[in-house]
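Below is one structure, written out as structure tokens; comments come after it.
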Amino acid sequence: MQTQYDPKTIEREAREHWDRSGAFRAAEEPPGPGRRPKFYCLSMFPYPSGKLHMGHVRNYTIGDVMTRFHRMRGYNVLQPMGWDAFGLPAENAAMANGVPPAKWTYENIAYMKKQLQSLGFAIDWERELATCSPGYYRWNQWLFLRMLERGLVYKKTGVVNWDPMDQTVLANEQVIDGRGWRTGAPVEKREIPMYYMRITAYAEELLASLDQLPGWPERVKTMQANWIGKSHGVNIGFPYELGGEKKLLRVFTTRADTLMGATFCAVAAEHALAAHAARSNPKLAAFVEECKRGSVMEAELALLDKKGMPTGLFVAHPITGEKIEVWIGNYVLMAYGEGAVMGVPGHDERDFAFAKKYGLPIKPVIDVEGKPYSTDAWQPWYAAYGRCVNSGKYNGLDYQGAVDAIAADLKTKGLGDKQVTWRLRDWGISRQRYWGTPIPIVHCASCGDVPVPDSELPVVLPEDLVPDGTGNPLAKTPSFVNRSCPKCGKPAKREPDTMDTFVDSSWYFIRHACPDQNKSMVDERVKYWMPVDQYIGGIEHAILHLLYSRFWTKVMRELGLVSVDEPFTRLLTQGMVLNEIFYRKASDARITYYNPAEVELKHDDKGQRVGAVLRSDGKPVESDGIGTMSKSKNNGVDPQDLIEKYGADTARLFMMFASPPEQTLEWSDSGVEGGSRFLRRLWALCAEMKNRSNDVFASGTDLKVDFGAAGEDVKALRFVTHSTLSQVVFDYGRYQYNTVVSGAMKMLNALEAFEPHIGVARGSGNESNLTLRAAAFIEGLGIMLRVLYPVTPHITNALWKDLGYAAQYGDLVTAPWPTVDEAALEQDEVELVLQVNGKLRGHMRAPKSAGREQLEQLALAHDAVTRYTSGQAVKKVVV
RNA sequence: GCGAAGGUGGCGGAAUGGGUAGACGCACUGGAUUUAGGUUCCAGCGCCGCAAGGCAUGGGGGUUCGAAUCCCUUCCUUCGCACCA
């Protein structure tokens, strides 16, 4: 056995061994005795951007640890890998380099696949898929058509960002400070026809079934529930007349109990009433235009000053008939509710500010436990629930009573009723882009929008186009666009839009079960593997990707394609990978960022940081704190460098050890060194035991030993081994892999300290104790290797084989998980902690067999206790 | 503004049910090995204090024999966002 730890060689050998044996190929097992439970472990598939980043390494290492652990625990595990291969960056790269997106994408996939393989992930590569292949996206098209048939896909206009110079639609990301990223031209809004998926039809179920996901983080479920946004309220019609016609201005409110305090109404700039009022009033028209400028992004809208303008139109209060003026408010969202609100300044903070600003009346109608009310300044309790006052016949009613009574009265008058409103909106999937799934529709002058027949699927995306930034190249490619109408045969045009890439990622986890099936979208294998038992990915996908995937799964269930309600049983959202940011500010205020690898840290005698200098010139650099790894801050670390310098095992070990999976992880070069040191120590200890003259492993690893007669040193070692094992099993169960690693480190420390004992015993005449010592060591090391295997599979694979464990237990991949020997946990004496009035006062050793009374006597007689109990002890708590 | 998560040594982080705060690792210090640097090994390492002991889990208060852990309050950080009517 090599005395030097050589990760390159052992990692290559391990991978070759796994490849040869097809160790990670996953096959469906027929029902029957001996059938293992299945475990589908999936990490979010990567976008093939060029090369792996640390976030990928972390994500896939977490998934791999779970995968390998479950294999050892007797599960039939599937861990596949795929590529989220459509998207904007490929088009951007194409523009920059003049290379078609397809070529760029496939090259990136090839490189990144190599990188993933070099990290030794236990992936079944036979199930690999890429969403840009026709064999995959044809089923996007197929399901789109099924949804169209069922009314789950429909067409309507939607608003997009328009770059007037490039004549192209821009993604939000391509709008920088209201201007096109390439042209710098102020962005305009444009209404264009788009296809929508009716996700709102599933709002109720998407919300309700969150309760059936105990394996999801509460945080994510809360976010989804808020996004779906179910609210119970009342839809109220404010009557008015327009051109002699009786009409209703509809608003939605969750505070119908405050209706008697409504003193104005406000509508969105896009509201029909606003448009009507603007026609005869140029000032109003200008205000409406002003509101329509600015960004589509609603987050930015939140930062705007609240502004309004009266329309000069009046509506009647639905209960009192009082005249109420209608305003246009830039804070009213057209997309939510009715695009209009009733203004209740008395009990809504925003309405209060609005009324103050524009001198509108404020009318308090709710009394909250007699707390004072003054229109001078807003107080938090004004918005609280209370009893109606100043509200005529509703006086004295509480929230629910008032809402019920008012809703009933409105219903009688035909002016409103209770209503449930959702925040969730339908999903617009049309993208005016080239590198995506073509939407399978043909536009015919006489037949209208005609679905492409199933027999003509897939509508194949040409792979040789190079976009130039001025619109969708598909629309300018006659060979793609021109075709005959499937219905009447006359010349017609293909839909040039492609689908949102979220469509691709909404069901790839299902396709992994049957990636080679070319007759249908799914087959029987899906029933075996779905649902995904464990899904792992970044928190940034907490809402959109996960919600769309849940929606698609439910649609596919409706079509009989899957039999599950929810795609992901358990979800783990991993934290981001951070690194320190270093910079220098030049005299002209320009900032240069330096990669942490180029920076040397200075410490004082106590280990405190006193500064940082650039290695190249020895002069100081400033720290800008810790941030996510990014190009702009030049604080990234390339995983490839790490793998080449230390090997995959060290990279994986550090990733798992530095922090628990769900927390952010701070990069640390010296932490990586520490991980590498640990693996070298492990290797050195094993090589020492194997190579020394009295080879401990010479007689095999068969351990049919009775440890009952073992000496204290053996018992101590076994106590560490087995108590740590029990902690590690607990930590594997709660995905706390950092303490799994620390457990393995503890075991190695104990084994290292124990190693000389084996030698000392030799020749002492006590041969049986020597055997027991060797056995305890062999047992401890065997346990330690298995504990560590999911994290660092290569080195443990090599040691397992070289030391002879494989001969006894079989390949480490499927070796049985070690069991805790309860007998090893038993100790004759226990250390007790003595507390007086909750304060630690001393320690005491006592026989384990001692009873409560005996312990009390011992404790009360103890120096550490008597010193503090001149008075009388009232209670004693035995720890 | 709203929502969520979080704040523990010089640093990353442990502490499973309210019961020894700081496991494991990094950094640092001293020593051994080495021609030297690096590596490796041994020892030390929360703060104050000569010691006894005291003080310590963002700050303040509370519950409890006992609080990092539970409650109230406050400050700060990070993430998400949709002025949600």
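To find a chain, count down the sequence lines: A is the first, B the second, and so on, and within it residues start at 1. All values below were derived from every heavy atom in this structure, side-chain atoms included, with hydrogens, water molecules and symmetry-related copies excluded.
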Give the rounded distance in Å between these two atoms: [atom1] of [X] and [atom2] of [N].
| X | N | atom1 | atom2 | answer |
| --- | --- | --- | --- | --- |
| M655(A) | G13(B) | CE | P | 14 Å |
| D669(A) | G38(B) | CG | P | 17 Å |
| W227(A) | C84(B) | CH2 | P | 14 Å |
| R255(A) | C83(B) | CZ | P | 20 Å |
| Y382(A) | A85(B) | OH | P | 21 Å |
| M576(A) | G80(B) | CE | P | 7 Å |
| D348(A) | C84(B) | CG | P | 8 Å |
| R680(A) | U39(B) | CZ | C1' | 7 Å |

Taking C-beta and beyond as the side chain, do [X] and [Y] meet within less than 4.5 Å on heavy atoms?
| X | Y | value |
| --- | --- | --- |
| W422(A) | E204(A) | yes |
| E580(A) | F582(A) | yes |
| I199(A) | L206(A) | yes |

Give none if [N] has no partner; otherwise give the nucleotide forming a Watson-Crick or G-U wobble pair with it, both distances under 3.5 Å.
| N | value |
| --- | --- |
| A56(B) | none |
| U35(B) | none |
| G44(B) | C28(B) |
| A15(B) | none |
| G49(B) | none |
| C2(B) | G80(B) |

Which atom pairs link the protein and nucleotides 26-30 of chain B when you take only N or O atoms and keep those under 3.5 Å?
| from | atom 1 | to | atom 2 | distance (Å) |
| --- | --- | --- | --- | --- |
| C26(B) | OP1 | R677(A) | NH1 | 2.3 |
| C26(B) | O2' | S670(A) | OG | 2.8 |
| A27(B) | O2' | H603(A) | ND1 | 3.3 |
| C28(B) | O2' | D605(A) | O | 2.2 |
| C28(B) | O2' | G607(A) | N | 3.3 |

Discussion item. Using ring centroids (six-membered ring only for Trp), state whether W427(A) and Y196(A) fall under 6.0 Å.
Written reply: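 When the ring centroids of Y196(A) and W427(A) are compared, they turn out to be at least 6.0 Å apart.
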
Item to complete: Answer yes or no: are there more than 12 heavy-atom neighbours, outside Q400(A) itself, under 6.0 Å from its atom CD?
Response: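 Correct, the count exceeds 12.
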
Considering only side-chain heavy atoms of [X], which listed nucleotide, [options], is closest?
| X | options | result |
| --- | --- | --- |
| E666(A) | G12(B), C83(B), G25(B) | G12(B) |
| R681(A) | A14(B), G12(B), C41(B) | C41(B) |
| R425(A) | C84(B), C83(B), G25(B) | C84(B) |

Phosphate OP1/OP2 of [N] contacted by [X] side-chain N/O (<4.0 Å):
| X | N | result |
| --- | --- | --- |
| N738(A) | C24(B) | no |
| R350(A) | G1(B) | no |
| S742(A) | A14(B) | no |
| Q224(A) | G3(B) | no |
| N749(A) | G25(B) | yes |

Item to complete: List for me each residue that meets salt bridge (Lys or Arg N to Asp or Glu O under 4.0 Å) alongside D649(A), sequence neighbours excluded, and say none if there are none.
Response: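 Not a single residue meets the salt bridge (Lys or Arg N to Asp or Glu O under 4.0 Å) criterion with D649(A).
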
Discussion item. So T421(A), base contact, sugar-phosphate only, or nothing? Heavy-atom distance under 4.0 Å.
Written reply: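 No contact.
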
Worksheet item: Which part of the nucleic acid, if any, lies within contact of Q736(A), taking any heavy atom under 4.0 Å across all strands shown: a base, the sugar-phosphate backbone alone, or nothing?
Response: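 The answer is sugar-phosphate, as Q736(A) gets under 4.0 Å only of primed atoms, P, OP1 or OP2.
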
Worksheet item: Taking it one step at a time, do F264(A) and F354(A) satisfy ring-ring contact (aromatic ring centres under 6.0 Å, His included)?
Response: CA-CA 10 Å; F264(A) 68 97; F354(A) 195 82; 5.4 Å; yes

Discussion item. Between T254(A) and M223(A), which residue's closest nucleotide on RNA chain B lies nearer the 5′ terminus?
Written reply: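 In this pair, the answer is M223(A).
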
Item to complete: Would you mind telling me which residue lines up with the more 5' stretch of RNA chain B, F252(A) or R219(A), judged by nearest nucleotide?
Response: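 Its nearest nucleotide lies further toward 5', so the answer is R219(A).
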
Discussion item. For the residue pair Y735(A) / E662(A), report whether a side-chain donor-acceptor contact shorter than 3.5 Å exists.
Written reply: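 The answer is no; no qualifying pair exists.
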
What interatomic distance, in whole Å, is found between [atom1] of [M] and the corresponding atom of [N]?
| N | M | atom1 | result |
| --- | --- | --- | --- |
| U69(B) | G58(B) | C1' | 16 Å |
| G30(B) | U35(B) | C1' | 22 Å |
| G22(B) | C45(B) | C1' | 12 Å |
| C71(B) | G9(B) | P | 22 Å |
| U29(B) | U74(B) | P | 45 Å |
| G13(B) | G19(B) | C1' | 22 Å |
| A5(B) | G49(B) | P | 41 Å |
| G38(B) | C50(B) | C1' | 40 Å |

Fill in: Separation of D417(A) CG from L410(A) CG (nearest 0.5 Å)
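Reported value, rounded in 0.5 Å steps: 8.5 Å.
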
Item to complete: Please lay out, stage by stage, how R681(A) and N749(A) fare under the test side chain to side chain contact (heavy atoms under 4.5 Å, CB included).
Response: CA-CA 10 Å; R681(A) 267 174 56 207; N749(A) 289 346; 2.5 Å; yes

Fill in: Syn or anti for G66(B) (syn when the glycosidic angle lies within 90° of 0)
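Anti, angle beyond 90° from zero.
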
Worksheet item: Does F730(A) stack onto the base of U16(B), taking stacking as ring centres under 5.5 Å apart and planes under 30° apart?
Response: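 Yes; centroid distance and tilt both under limits.
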
